[in-house]
There are 2 protein chains.
Amino acid sequence: MQFISQTTSDGVVESSFTVGGVPGVLWSPDVGADPAPLVLMGHPGGLHKKAGGLVARAAHLVTVFGFHAAAIDAPGHGDRERSASDAAWVDEMQRARRAGEPLGSIVAAFNASIAERAVPEWRATLDALQALPGIDADRPVGYSGMTLATEIGFRLAAAEPRIGAVGLGAAFASDALLDVARGVSVPVQFLLPWDDPEIGRESGLALYDAIGSAEKSLHAFPGPHQSVPSFEAEDFARFLARHLLPETHSGA
Amino acid sequence: MQFISQTTSDGVVESSFTVGGVPGVLWSPDVGADPAPLVLMGHPGGLHKKAGGLVARAAHLVTVFGFHAAAIDAPGHGDRERSASDAAWVDEMQRARRAGEPLGSIVAAFNASIAERAVPEWRATLDALQALPGIDADRPVGYSGMTLATEIGFRLAAAEPRIGAVGLGAAFASDALLDVARGVSVPVQFLLPWDDPEIGRESGLALYDAIGSAEKSLHAFPGPHQSVPSFEAEDFARFLARHLLPETHSGA
């Protein structure tokens, strides 16, 4: 793990790093506090580790609950080069969108391919971050993300026992992803955009139904997947606090 | 309005009253505070104004957020006599349940009949309660309830402009109730029991879809309608606080 730069603003220390060549960023409380749990934040497809909404949610987790939050660029996203085969997927996706064709099967296959590559990168990043003194490696780890980050998150939650609570949503219910969801057993908060023009609500309902966890909540909201209400982000932060923080700290 | 008795326990003053012969109960903060908004609490079908879960949620609203909360017995419930025609409905419902027949159309018609009688009773109760000095009649009023109380709540929210935010769930999506839901425009939090043996999830999805409000959230949870997770009740209290309390008081 290599640290590249560090800035502090509004109570949040932002540290850029790389792990095995994958660029990432860690947001931490700027006051010397006891070690605190970590939340991994996946960015949506087509965006990157410092997407606006992601950074705002990270700052909320850090300043309100004292979490550390971390993001990495997914394969072919942000500061990473896009491979020729990923570029071909993107071309095909854009062609189908222009032609008004259904995107589900193309996006699901592309995202599954990225997710299979992203899971070992997240696990290596988690190894490196948990070795830092400020991060409480004895507490379970959270994960948050929609669209592409949901493909990654289901797979990460099914494969990685350190993940203790996840917030996901807005992904196509391919047979492969439904299978992965059945193997998830940690608490899940699942967001369903009720009126997304590309991701049908049936996908969200089928994925929620498939999730193997005893505690799973489906939260639907009007509009497309970009219009998550701010109170849902705040509720998700409380969900993470309930499952990741020691009991005395989770009452906010 | 006649007050009958008053007790105080754990920070909550409980006052029994009648309005126009309908028995009710008001829960209020026991410390002299500024006038605070009111939340009306409907009880489920077959239960009454002091059902255990209802009283617990009322105490949470009073002690955590400083609300007043009030419940009345629905027609034919609690301390009220059941009419011969209501008794015939109940007999028919119990016969269908024993025979393993679908209950939806019977329950929906029975509950609609009760709800039509209950709405004017709630409005008269609201008139009386808002005349009390402790209740802030300038703030919007909340309403909460499942099953029978959802039939009542949709109709009350559509008819009564003082209602400003409602939490509902677990009702049969009859054509009549879908029509009423389309006329509701205040923020709604709607609970969907994902695995209820009597109320199919399609009813919840259809009702949520029909709600006319710009802000509407669907929260699904595993199990039957009796198994609402405690964090959903807490989240609903925050939803009420967001919509009913002045801004400076709604950050809890």
Side-chain angles (χ1 to χ4, degrees), chain A residues 60 63-65 165 167-169 181-182 184-196 200-223 227-245 247 250-252, chain B residues 60 63-65 165 167-169 181-182 184-196 200-223 227-245 247 250-252:
Chain A
H60 181 75
T63 56
V64 176
F65 292 96
L168 306 170
R182 288 184 192 101
V184 170
S185 59
V186 297
V188 179
Q189 197 147 308
F190 196 81
L191 286 174
L192 171 60
W194 196 245
D195 312 288
D196 197 274
R201 63 180 72 143
E202 285 65 31
S203 265
L205 296 172
L207 282 167
Y208 174 69
D209 194 45
I211 293 166
S213 313
E215 181 183 328
K216 56 178 182 177
S217 298
L218 178 74
H219 287 195
F221 56 88
S227 68
V228 179
S230 59
F231 58 79
E232 286 293 354
E234 289 164 23
D235 187 55
F236 176 64
R238 282 187 294 264
F239 161 84
L240 289 176
R242 204 161 66 233
H243 291 291
L244 307 183
L245 295 180
E247 267 198 30
S250 61
Chain B
H60 181 75
T63 57
V64 176
F65 292 96
L168 306 169
R182 287 185 193 101
V184 171
S185 60
V186 296
V188 179
Q189 196 146 308
F190 196 81
L191 286 174
L192 171 60
W194 197 245
D195 312 288
D196 197 274
R201 63 180 73 142
E202 285 66 30
S203 264
L205 296 172
L207 282 167
Y208 173 70
D209 194 44
I211 294 166
S213 314
E215 183 184 327
K216 55 177 182 177
S217 298
L218 177 76
H219 287 194
F221 57 88
S227 68
V228 179
S230 60
F231 57 80
E232 286 293 354
E234 289 164 23
D235 187 55
F236 176 64
R238 282 186 294 263
F239 161 85
L240 289 176
R242 205 161 64 234
H243 291 290
L244 307 183
L245 295 181
E247 267 199 28
S250 61

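Just so we're on the same page: letters track the sequence lines, and every chain starts at 1. Owing to the predicted nature of the structure, the values given are computational and were not obtained by experimental measurement.
Your options are A:D195, A:D235, A:L192, and the one with the most heavy-atom pairs under 4.5 Å with chain B is A:D235. Comparing B:A214, B:P222, B:S213, B:G223 by heavy-atom pairs within less than 4.5 Å of chain A, the highest count is held by B:P222.
With a 4.5 Å cut-off on side-chain heavy atoms, A:R201 and B:L205 do not count as touching.
Ring geometry for A:W194 versus B:Y208: interplanar angle over 60°, hence perpendicular rather than tilted (30 to 60°).
How far NE2 of B:H219 is from CD of A:Q189: 7.5 Å, rounded to the nearest 0.5 Å. Between the CD atom of B:E215 and the CZ atom of A:F231 there is a distance of 4.0 Å, given to the nearest 0.5 Å.
Within the 4.5 angstrom heavy-atom criterion, no atom of A:E234 approaches chain B.
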